[in-house]
Amino acid sequence: MVSLGCPKNLVDAEVMLGVLSQQGYEITMDEKEADVIIVNTCSFIKEAREESVDAILDLADRKNDGNCKTLIVAGCLPQRYQEELAKELEEVDIFIGTGDYPRVAEILAEHTAQTGQICYVGDPNYIYDENLPRLNSSPGWYAYLKIGEGCSNCCTYCVIPSLRGPYRSRPMDALVAEAERLVKGGVRELILVSQDITRYGTDMDGSSSLAELIRQLAAIPDLKWIRLLYAYPDGITDELIELLKTEPKLCKYLDIPIQHISDNVLRQMKRRSSEQQVRDLIERLRAEVPGITLRTSLIVGFPGETVDDFLNLLQFVEKAQFDRLGVFCYSKEDGTPAAEMPDQVSERVKRERHRKLMKAQARVSFRRNRAMVGKIEQVIVEGYSEETELLLKGRTSRQAPDIDGQVYITSGHADIGDIVTCKITDSSDYDLVAEMVEE
């Protein structure tokens, strides 16, 4: 199994692995040994599509120099481009869309009874429940908990609603049951994900909300950390801010995808928050939740983005002092309103604006990391450094796996998965150095 794209996609891949394992399939890490290879794809932007196609073509070679008999392409790419892919990728045996992946074992059984390429791409309206098996592919001490599927925000640049359908919350009792199983299996950190976690429960009865879900998850005895990814600014409530202040298991960490700060661009994007609302929210979070780590994502080069719009964004990045920040060049996606907008920005200008924003953020990140030196932090140990086994590596509660930096531990002994007390002794642009201390 090769899973590309976001953590939400990874959860789908883990469900497929769980279903196949339950049906007697063995999982191998050696792609040349596998009889069946699955590529779970992303097609959010052009670069993601190119990565997916490159992976498919590379793994198709295992039909010649490995044991592969069946190549499956699943997820967003076939959901969006099933007809084109079927014509251009004759190497692929099975295409599975975003609503049919739990049937992967059944589909494989059907494929063995016939020849030729087959497609299972229906309406993207499925949402899995806690009764489906799931094989956690993340390191055993953390796991992603997908609390909802789809999206109803309909931003003008985004294809997710057409690939995943409208937002659908998973029942709270199902989420708690899945969380309890994961924690029983050794997970210490749960990372809540969906396209917009703040929308959780709005399509259900009034008793279901993100805040109530957090409270129920926090009651699981052996769970240590709860982390929130993808909280839209207009959905961050007083109740959620209060939990960030008071719930010890809830990491003081928030990923808020704001995408831009200029009202001109925000309106064109069909975002619900204004510049002033975003600025007020950042200021309030910094004031009411001391020490909170804020992460965001931004888009440069959106149609109609003027020089003044970009300079406003650049100044905002320098003032807001985000601890973590990702920048994307606008990708013109067929079928989205933004693709038809006038005043498309050239690729050269997009790249230049991307470079300037990342350069500004590098300065911010360096200063914020330097401010960590001397502080005492809890660090979850994740193994040895890639450079040397003399150094352990891990993460503080301020760092999400894969997307944020790491902590390199220069002294002390601990097992993988342990949460230890460390003093930060040095820093770089994105990583920290620490030593263990007695509590």
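The backbone N or O of Asn67 lies less than 3.5 Å from a partner atom in the side chain of Lys69, making a donor-acceptor pair. Remark: the backbone N or O of Gln399 is paired with a side-chain donor or acceptor of Arg227 at under 3.5 angstrom. Not one N or O on the side chain of Glu149 forms a donor-acceptor pair closer than 3.5 Å with the backbone of Pro166. Judged purely by atom type and a 3.5 angstrom limit, Thr156 has no side-chain atom pairing as donor or acceptor with the backbone of Pro337. Side-chain atoms of Thr41 come within 3.5 Å of backbone N or O of Leu77 as a donor-acceptor pair. Side-chain atoms of Asn9 come within 3.5 Å of backbone atoms of Leu4 as a donor-acceptor pair (strictly under, hydrogens ignored). In this structure, the side chain of Gln344 engages the main chain of Ala338 through a donor-acceptor pair within 3.5 Å. When atom types are taken as modelled, the side chain of Tyr200 and the backbone of Ala211 share no donor-acceptor pair closer than 3.5 angstrom. Proximity of a side-chain donor or acceptor of Ser52 to a complementary backbone N or O of Cys42 within less than 3.5 Å is detected. Put simply, the side chain of Glu91 never gets that close to the backbone of Ala60: no donor and acceptor are under 3.5 Å apart.
Between Asp308 and Asn264 the shortest side-chain heavy-atom distance does not fall below 4.5 Å. Inter-residue side-chain proximity for Val278 and Phe316 is flagged as met; some heavy-atom pair is nearer than 4.5 Å. With a 4.5 Å cut-off on side-chain heavy atoms, Phe95 and Gln82 do not count as touching. Contact check for Asp280 versus Arg284: no side-chain heavy atoms found under the 4.5 Å cut-off. Between Ser138 and Leu10 there is a side-chain heavy-atom pair separated by less than 4.5 Å. Annotation: side chain of Pro139 is not in contact with side chain of Glu382 (no heavy-atom distance under 4.5 Å). Side chains of Ser208 and Leu213 form no contact here, defined as non-hydrogen atoms less than 4.5 Å apart. Leu313 has its side chain out of reach of Val265: every pair of non-hydrogen atoms, C-beta onward, lies at least 4.5 Å apart.
Looking at Asp323 and Arg398, no side-chain N of the basic residue comes within less than 4.0 Å of a carboxylate O on the acidic one, giving no salt bridge. For the pair Arg355 and Glu352, the salt-bridge criterion is met [side-chain N within less than 4.0 Å of a carboxylate O]. Ionic pairing of Glu178 and Lys146 is not present here: no N-O contact between side-chain nitrogen and carboxylate oxygen is shorter than 4.0 angstrom. Asp93 and Lys63 are joined by a salt bridge, as a carboxylate oxygen and a charged side-chain nitrogen come within less than 4.0 angstrom of each other. Checked for salt-bridge contact, Arg134 and Glu14 meet the test: a charged N lies under 4.0 Å from a carboxylate O. A salt bridge is absent between Asp255 and Arg324: the closest approach of a Lys/Arg side-chain nitrogen to an acidic carboxylate oxygen does not fall below 4.0 angstrom. Using a 4.0 Å cut-off between a side-chain N of Lys or Arg and a carboxylate O of Asp or Glu, Arg395 and Asp402 do not qualify as a salt bridge. Ion pairing between Arg279 and Glu275 holds under the 4.0 Å rule for side-chain N and carboxylate O. Between Arg49 and Glu333, at least one side-chain nitrogen of the basic residue sits less than 4.0 Å from a carboxylate oxygen of the acidic one, meeting the salt-bridge criterion.
When the shell of 6.0 Å around CD of Glu106 is examined, it contains more than 12 heavy atoms from other residues, nucleotides or ligands. Crowding of Glu47 atom CD: a count of heavy atoms from other residues, nucleotides or ligands under 6.0 Å exceeding 12. In the displayed structure, Lys319 atom NZ is contacted under 6.0 Å by at most 12 heavy atoms of other residues, nucleotides or ligands. Within 6.0 Å of the CD atom in Glu386, the count of heavy atoms belonging to other residues, nucleotides or ligands exceeds 12. Heavy atoms of other residues, nucleotides or ligands lying less than 6.0 angstrom from OH of Tyr25 number more than 12. More than 12 heavy-atom neighbours from other residues, nucleotides or ligands sit within 6.0 angstrom of NZ on Lys249.
Taken to the nearest 0.5 Å, the CE atom of Met341 stands 9.5 Å off from the CE atom of Met269. Between the CZ atom of Arg368 and the OG1 atom of Thr293 there is a distance of 7.5 Å, given to the nearest 0.5 Å. Remark: Lys32 NZ to Asp65 CG distance equals 4.5 Å, nearest 0.5 Å. Taken from CD in Gln259 to CZ in Phe302, the straight-line distance is 10.0 Å, to the nearest 0.5 Å. The line from CG of Leu182 to CD of Glu189 is 12.5 Å long, rounded to the nearest 0.5 Å. Atom CD1 of Ile147 is separated from atom CD of Gln195 by 12.0 Å, given to the nearest 0.5 angstrom.
Ala360 and Leu314 make their closest contact through CB-CD1, 3.8 Å (heavy atoms, listed as atom of the first residue, atom of the second, distance). Here the closest non-hydrogen pair linking Ser169 and Gly201 is OG-N, 2.9 Å. The nearest pair of heavy atoms linking Ala105 to Gln23 is CB-CG, 3.6 Å. In plain terms, the two heavy atoms of Ile258 and Phe322 that are nearest each other are CD1-CZ, 4.2 Å. Between Ala179 and Leu217, the closest heavy-atom pair is CB-CD2, 3.5 Å. Of all heavy-atom pairs between Arg272 and Asp196, the closest is NH2-OD2, 4.0 Å.
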query = Should Glu283 and Arg286 be marked as a salt bridge (Lys or Arg N to Asp or Glu O under 4.0 Å) after you check the CA-CA gap, both sets of side-chain angles, and the distance that decides it?
reply = CA-CA 5 Å; Glu283 186 176 335; Arg286 294 270 192 223; over 6 Å; no
| said: For a side-chain contact (heavy atoms from CB on, under 4.5 Å) check, start with the C-alpha distance between Leu266 and Ser274, then their side-chain angles and the critical distance, and finish with the verdict. | reply: CA-CA 7 Å; Leu266 291 171; Ser274 69; 5.5 Å; no
ask   = Given the rule in the salt bridge (Lys or Arg N to Asp or Glu O under 4.0 Å) test, do Arg215 and Glu239 qualify, once you have shown the distances and angles that lead to the verdict?
value = CA-CA 11 Å; Arg215 281 190 283 265; Glu239 193 176 18; 2.6 Å; yes
Test log, rule side-chain contact (heavy atoms from CB on, under 4.5 Å), inputs Asp343 and Thr306
CA-CA 9 Å; Asp343 302 320; Thr306 65; over 6 Å; no
Exercise for the section: Under the side-chain contact (heavy atoms from CB on, under 4.5 Å) rule, what do Arg199 and Tyr232 come out as? Steps first, then yes or no, please. Expected result: CA-CA 8 Å; Arg199 192 176 279 268; Tyr232 277 50; over 6 Å; no
Query raised in the report: Can you check side-chain contact (heavy atoms from CB on, under 4.5 Å) on Leu89 and Leu71, steps first, answer last?
Result: CA-CA 11 Å; Leu89 296 175; Leu71 177 60; over 6 Å; no
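Geometric assessment of Lys8 against the ring of Tyr230 yields a positive cation-pi assignment under the 6.0 Å and 45° thresholds.
With hydrogens and angles left out, the side-chain atoms of Asp404 and Tyr253 include a donor and acceptor closer than 3.5 Å. Residues Ser194 and Tyr167 bring a donor and an acceptor atom of their side chains to less than 3.5 Å of each other. Defined by atom type and a distance below 3.5 Å, a donor-acceptor pair is present between the side-chain atoms of Arg271 and Tyr157. With 3.5 Å as the limit, one finds a donor-acceptor pair spanning the side chains of Ser262 and Asp309. Arg168 and Asn125 form no side-chain donor-acceptor contact under 3.5 Å, judged by distance and modelled atom types alone.
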